[in-house]
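Worksheet: one structure, shown below.
The figures that follow rest on heavy atoms only: side chains count, while hydrogens, waters and symmetry mates do not. Order of appearance sets the numbers: ligands from 1, and atoms from 1 within every ligand. Keep in mind that what you see is a predicted model, and the values were worked out from it rather than measured.
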Amino acid sequence: MNTNNIYNKAIALVTGANKGLGFEISRQLAQKGIVVLLAARDPQKGTEATDKLQSEGLDVEFIKLDVTDSATITAAAQQIRDRFGKLDILINNAGIYLDRNVQPSQLDINTLQQTFAVNFFAVFNITKTFLPLIKLSQAGRIVNMSSTLGSLGDTLDPNSPYFDFRGIAYQSSKTALNALTVQFAKELADTPIKVNSACPGWVQTDMGSTDAPLSVEQGADTPVWLATLPPDGPTGGFFNSRQPLAW
Ligand SMILES: NC(=O)c1ccc[n+]([C@@H]2O[C@H](COP(=O)([O-])OP(=O)(O)OC[C@H]3O[C@@H](n4cnc5c(N)ncnc54)[C@H](OP(=O)(O)O)[C@@H]3O)[C@@H](O)[C@H]2O)c1
């Protein structure tokens with residue numbers, strides 16, 4: 001292992017970080033002194049977002065990454081290896097929600113496939129590609145942005161506020177994402193790396209709409225907490241408001 005180029009500051013990569021929760025998570029991590037690689041698929045949007053955080057005095061750099069494009073994923077990993085020699089924190093944040101209130105029988109299979117491409121297959125591809133770099137960190141942390149809408153427990157519970165939600169593409173993609181969290185956490189149980197799923201709550205973003213009760217600052221709290229867990233923190237869990245959620 002070549003340790004010459006290993007940075008002594010922690011390095012974080014946040015996907016889908018040009019706006020919404022990813023942007024705020026990037027801000028809060030950088031405010032903790034972490035070097036943040038703000039990943040976005042659109043260079044103009046990514047650069048504008050990065051400029052904004054840099055103007056706040058934060059150590060943030062733009063990195064191009066379309067989560068559905070393997071070439072941009074491998075290029076980003078190579079860039080990070082050359083520049084920093086490791087990755088400490090990976091936040092799989094990019095996500096889409098295309099089938100709000102659509103009954104399963106009315107769903108187009110293309111929407112289901114498109115949703116899984118971003119919310120599930122991409123997370124697998126990115127996690128697998130970046131894992132060798134995360135293994136070079138002394139305290140690797142992987143946070144998958146999930147949702148209570150992916151909780152089978154809540155979906156089956158008539159007393160849950162989420163009982164009546166319909167959206168099999170989004171909901172099952174987040175259920176699958178939670179399974180991915182558990183499987184990687186189990187594989188990495190004997191390493192310092194922690195892998196957890198976070199639900200940010202219902203948050204005011206383009207996805208969450210202005211009807212949502214929570215600000216992005218509040219929504220970023222749990223993922224940022226999971227990204228900076230101490231060595232005795234949990235792994236293989238699913239959390240909202242820093243508390244365990246039903247699977
Ligand atoms: N808001 C909520 O209430 C809520 C609740 C539970 C869970 N979540 C989860 O939190 C995460 C962030 O949500 P948000 O509310 O911040 O959503 P948002 O405002 O819609 O932002 C989504 C981000 O994902 C990016 N993205 C989408 N497809 C991409 C791709 N192929 N490659 C790279 N980036 C891509 C978007 O980039 P573009 O700007 O280029 O489209 C954008 O930066 C999602 O995983 C979501 O499921 C949100």
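Atom 35 (C) of ligand 1 has as its closest protein heavy atom A94 CB, 3.7 Å. Given atom 7 (C) of ligand 1, the protein heavy atom at minimum distance is S146 O, 3.1 Å. Closest protein heavy atom to atom 22 (C) of ligand 1: G95 O, 3.8 Å. For atom 43 (O) of ligand 1, the closest non-hydrogen atom on the protein side is N18 OD1, 2.8 Å. Atom 23 (C) of ligand 1 has G16 O, 3.6 Å as its closest protein atom, hydrogens excluded (heavy atom only). Looking at atom 18 (P) of ligand 1, its nearest protein heavy atom turns out to be K19 CE, 3.9 Å. Protein heavy atom in closest approach to atom 31 (N) of ligand 1: D66 OD1, 3.0 Å. Of the protein's heavy atoms, R41 NE, 2.9 Å lies nearest to atom 40 (O) of ligand 1.
Between the side chain of K64 and the backbone N or O of R41 there is at least one donor-acceptor pair closer than 3.5 Å. Without hydrogens or angle criteria, N93 side chain to T15 main chain gives a donor-acceptor distance under 3.5 Å.
Contact annotation: for Q204 versus ligand 1, there are no heavy atoms closer than 4.0 Å. Neither the backbone nor the side chain of A212 comes within 4.0 Å of ligand 1, counting heavy atoms alone. By the criterion of a heavy-atom distance under 4.0 Å, the backbone of L65, and not its side chain, is placed next to ligand 1.
For the pair R100 and Y97, the cation-pi test (distance below 6.0 Å, angle within 45°) is passed.
Remark: ligand 1 atoms within the under-4.0 Å shell around heavy atoms of G20 are 16 (O), 19 (O). Close contacts of ligand 1 with P200, meaning ligand atoms under 4.0 Å from a residue heavy atom, involve 4 (C), 5 (C), 6 (C), 7 (C), 8 (N), 48 (C). Distances below 4.0 Å separate heavy atoms of S147 from the following atoms of ligand 1: 6 (C), 7 (C).
Of the charged side-chain nitrogens involved, none lies within less than 4.0 Å of a carboxylate oxygen, so that E48 and K45 do not count as a salt-bridged pair.
Considering only non-hydrogen atoms, atom 5 (C) of ligand 1 lies nearest to G201 out of C199, S173, G208, G201. The residue from M207, K45, M145 that puts a heavy atom closest to atom 46 (C) of ligand 1 is M207. Between L21, N93, D206, it is N93 that holds the heavy atom closest to atom 11 (C) of ligand 1. The residue from V67, L177, T205, I126 that puts a heavy atom closest to atom 1 (N) of ligand 1 is T205.
Residue V203 places at least one N or O, backbone or side chain, under 3.5 Å from an N or O of ligand 1. At least one N or O atom of Y170, backbone or side chain, sits closer than 3.5 Å to an N or O atom of ligand 1.
Counted by atom type alone, T111 and Q114 present zero donor-acceptor pairs between their side chains at under 3.5 Å. Side-chain contact, T127 with N92: a donor N or O sits under 3.5 Å from an acceptor N or O.
Applying side-chain contact (heavy atoms from CB on, under 4.5 Å) to E61 and the options L38, L37, V36, I11 leaves one that passes, L37. Checking each of L229, L226, V143, L188 against K194 for a side-chain contact (heavy atoms from CB on, under 4.5 Å) leaves exactly one that passes, namely L229.
S26 approaches L53 most closely through the heavy-atom pair CB-CD1, 4.0 Å.
Between F165 and Y162, the ring-plane angle classifies as tilted under the 30° and 60° cut-offs.
A 6.0 Å sphere centred on NZ of K9 holds more than 12 heavy atoms belonging to other residues, nucleotides or ligands.
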**Q.** Worked verdict on S70 versus N125 for side-chain hydrogen bond (donor to acceptor under 3.5 Å, both in side chains)
**A.** CA-CA 8 Å; S70 289; N125 199 12; 2.9 Å; yes
Q: Kindly determine whether S197 and N178 satisfy side-chain hydrogen bond (donor to acceptor under 3.5 Å, both in side chains), including the steps that lead there.
A: CA-CA 6 Å; S197 281; N178 285 344; 2.8 Å; yes
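Look at W202 and you'll find a heavy atom under 4.0 Å from some atom of ligand 1.
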